[in-house]
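What follows is one structure encoded as structure tokens, with my remarks underneath.
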Amino acid sequence: MAANSDIAFKRLPVKIIGTGSYVPERRLTNADLEKMVDTSHEWIIERTGIVERRIAAPDEYTSHMGTKAAQRALESCGLKPEDIDLIIVATITPDTFTPSTSCYIQDALGAKNAAAFDISAACSGFLFAMKTAVQYIGTGQMKTALIIAAEKLSTVVNWEDRSTCVLFGDGAGAAVLQASTGEEGEGSVLATDIGSDGSLHDLLQIPGGGSRCPTTAENAHERLATLAMRGNETFRHAVTRMKASAASVIERAGLTADDIQLIIPHQANLRIINAVAQRLSIPEDKVFVNIEKYGNTSAAAVAIAFDEARRSGRFGKGDNVVLVTFGAGLTWSAAVIRW
Ligand code: COA
């Protein structure tokens with residue numbers, strides 16, 4: 001059996017029973033960015049598809065956004081915080097290095113019966129968290145899991161670097177997963193895939209601020225604790241890996257591209273999204289896009305998009321929905337859900 005196989009936990013089906021999301025109020029438009037760096041609305045829209053992104057208030061942390069998204073997810077399925085056994089938070093912008101952001105969120109929610117930990121898989125984090133939760137629930141170790149992806153990327157963006165600062169924004173998304181008691185049905189996670197290629201760690205990274213290169217008075221001016229990306233190369237890997245990961249879960253779920261009613265890709269670049277859909281032979285009207293409103297919110301992007309697509313009725317009962325992501329690491333992940 002392949003390491004990534006879903007065969008074992010298909011016997012104990014896992015369902016998504018609720019979703020939620022939250023974005024901060026403040027909008028940073030392309031016109032605003034034109035005043036900050038040498039860029040233009042035309043360049044940003046043509047090269048990325050982004051029109052504006054949300055920026056959290058100085059006193060609004062990753063955990064605050066994650067808590068709001070989690071509360072909405074719990075409301076959507078009628079569960080109480082005490083019902084949660086497990087909280088997994090995916091983030092690259094934790095409130096603090098330690099304790100984990102999940103512990104702050106557990107406290108804010110009052111989810112006193114939950115074990116809580118963070119995972120770090122950059123933009124792929126939400127689906128890494130989903131796969132982890134599916135394993136805990138599918139093997140009978142936990143009954144109810146809350147997975148959250150939350151990012152305050154505005155704190156790790158170099159606002160003087162036009163090649164990255166136009167891309168990113170803040171926000172959070174969440175989902176509640178539970179063991180399914182009966183047959184595979186509404187919300188079932190049919191297949192998941194995760195993968196990594198650490199040999200390409202330098203394509204997209206925050207090189208400083210950790211144990212490898214701590215921020216010091218001497219290097220502070222170099223802004224090493226901000227996002228650095230080799231955009232062009234990252235773009236190529238994103239298309240290849242997202243296509244392969246999505247194709248693998250579609251196949252493992254026993255489906256073909258024609259059976260997919262909606263694909264929700266990581267929102268990093270509209271050109272990447274279109275290229276992936278085209279390579280999967282999934283037509284444009286079956287592709288969910290909200291990048292124009294929020295930019296790239298890393299782990300939160302696919303979680304916010306999933307919640308928005310559900311609430312706006314972009315998919316309904318019995319539909320097969322594919323989620324697919326790609327991020328720093330490199331990491332990639334995908335899931336098929338039968339709603
Ligand atoms: N405004 C105007 N010009 C800009 C600019 C901006 N904000 N940012 C870069 N440019 C310029 C560059 O300086 C370069 O100019 P030059 O040709 O004179 O050197 C030119 O635009 C083209 O740069 P390039 O990096 O080749 O652009 P691109 O078409 O690859 O688009 C990205 C850049 C970042 C939008 C794109 O590469 C991308 O989306 N990469 C992948 C992101 C991703 O997948 N992330 C996933 C993990 S989060």
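In listed order, ligands and their atoms are each counted from 1. It should be emphasised that the depicted structure is a prediction, and the values quoted were computed from it without experimental measurement.
Considering only non-hydrogen atoms, atom 42 (C) of ligand 1 lies nearest to M229 out of E42, M242, M229, R230. Looking at G231, A268, S298, it is G231 that brings a heavy atom closest to atom 40 (N) of ligand 1. When D161, I44, N269, I273 are checked for heavy-atom proximity to atom 36 (C) of ligand 1, N269 turns out nearest.
By the neighbour-count criterion of 12 heavy atoms within 6.0 Å, atom CD of E251 is sparsely surrounded, having that number or fewer from other residues, nucleotides or ligands.
Residue R47 has at least one N or O atom closer than 3.5 Å to an N or O atom of ligand 1.
Contact annotation: for L204 versus ligand 1, heavy atoms closer than 4.0 Å belong to the side chain alone. With a 4.0 Å cut-off on non-hydrogen atoms, T39 touches ligand 1 through its backbone as well as its side chain. Of the heavy atoms in T164, none comes closer than 4.0 Å to ligand 1. With a 4.0 Å heavy-atom cut-off, ligand 1 is reached by the backbone of N232 and by its side chain too.
For H201, there are no side-chain hydrogen bond (donor to acceptor under 3.5 Å, both in side chains) partners two or more places apart in sequence or in a different chain.
The stretch residues 309-335 participates, sequence neighbours left out, in these ring-ring contact (aromatic ring centres under 6.0 Å, His included) pairs: F306-F315, F315-W339.
At the shortest separation from atom 8 (N) of ligand 1 among protein heavy atoms lies W43 CH2, 3.3 Å. In this structure, the protein non-hydrogen atom closest to atom 7 (N) of ligand 1 is R162 O, 2.9 Å. Nearest protein neighbour of atom 28 (P) of ligand 1, counting heavy atoms only, is R271 NH2, 3.9 Å.
Put simply, the side chain of K68 never gets that close to the backbone of Y22: no donor and acceptor are under 3.5 Å apart.
Between the side chains of E151 and T91, at least one donor N or O sits under 3.5 Å from an acceptor N or O.
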- side chain to side chain contact (heavy atoms under 4.5 Å, CB included) evaluation trace for D161 with R223: CA-CA 11 Å; D161 175 10; R223 301 189 181 199; over 6 Å; no
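A salt bridge links D202 with R230: at least one charged nitrogen is closer than 4.0 Å to a carboxylate oxygen. For R252 and D193, the salt-bridge test passes: some basic side-chain N is under 4.0 Å from an acidic carboxylate O.
The closest approach between a heavy atom of H237 and any atom of ligand 1 is not below 4.0 Å.
Residue-ligand proximity, C123 to ligand 1, at heavy-atom distances under 4.0 Å covers atoms 48 (S).
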